[in-house]
Amino acid sequence: MPMVMLGAFSWGLAGWASIAPQQHALVTHSPKHAVALIAWNSSANYLGGAIGAAAGSVALMAHLPAHWLPIGALLAVVIAITVHIGKTLKLEKDAKGFTERNN
């Protein structure tokens, strides 16, 4: 039970501590659209939580042992990081091409 409590506490710190910095970055990026950006960000956070809960439920209903769930979560993180890196590299490439064309 102490490990469950430690895990829940850590999840709470990590999960909810990221929302305020995300919202600050969005508002700083585009103050004119702050209300819409925060609304979309909140919706995306709730949608992600719902998808994660549904995926976990499906896995458990399929009698997948619970100790495999962290592996699925890790796979989701790896996919998200890969997509993020790919988009970042594309943006940098596009920005470099734009700069070269305009100089």
Side-chain angles (χ1 to χ4, degrees):
M1 186 63 156
M3 291 303 289
V4 171
M5 291 173 60
L6 179 63
F9 179 75
S10 300
W11 173 79
L13 285 178
W16 295 110
S18 65
I19 293 175
Q22 284 177 342
Q23 291 176 343
H24 174 72
L26 289 169
V27 171
T28 302
H29 177 71
S30 183
K32 181 179 174 183
H33 303 290
V35 174
L37 290 171
I38 290 173
W40 278 105
N41 181 253
S42 295
S43 297
N45 279 320
Y46 284 116
L47 179 62
I51 290 170
S57 296
V58 168
L60 289 174
M61 287 178 63
H63 302 290
L64 182 70
H67 66 272
W68 285 99
L69 292 178
I71 294 170
L74 182 61
L75 180 63
V77 168
V78 168
I79 291 169
I81 290 172
T82 303
V83 169
H84 176 72
I85 290 171
K87 290 179 90 173
T88 300
L89 292 175
K90 183 180 181 329
L91 286 172
E92 288 175 357
K93 180 182 173 189
D94 291 349
K96 184 178 178 184
F98 178 80
T99 303
E100 290 173 356
R101 284 192 307 266
N102 292 325
N103 283 336

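Just so you know, these numbers use all the heavy atoms, side chains as well, and skip hydrogens, waters and symmetry mates.
- Considering only heavy atoms from C-beta on, Ile79 comes within 4.5 Å of Leu75 through its side chain.
- Summarising the local packing, NE2 of His29 is surrounded by 12 or fewer heavy atoms from other residues, nucleotides or ligands at distances under 6.0 Å.
- From Leu60, atom CG reaches atom CH2 of Trp68 across 14.5 Å, with rounding to the nearest 0.5 Å.
- Here Ser30 pairs with His33, Leu37 under the side-chain contact (heavy atoms from CB on, under 4.5 Å) rule; sequence neighbours left out.
- Between Leu64 atom CG and Ile71 atom CD1 the span is 8.5 Å, to the nearest 0.5 Å.
- In this structure, CG in Asn45 is found 4.5 Å from CD1 in Ile19, a value given to the nearest 0.5 Å.
- When hydrophobic side chains of Ile, Leu, Val, Met, Phe, Trp and Tyr are connected at separations under 4.5 Å, Ile81 ends up clustered with Val77, Ile85, Leu89.
- Tyr46 contributes atom OH, which lies 15.0 Å from atom CD1 of Ile51 (distance to the nearest 0.5 angstrom).
- Residue Ser10 holds its OG atom at 11.5 Å from CE of Met5, rounded to the nearest 0.5 Å.
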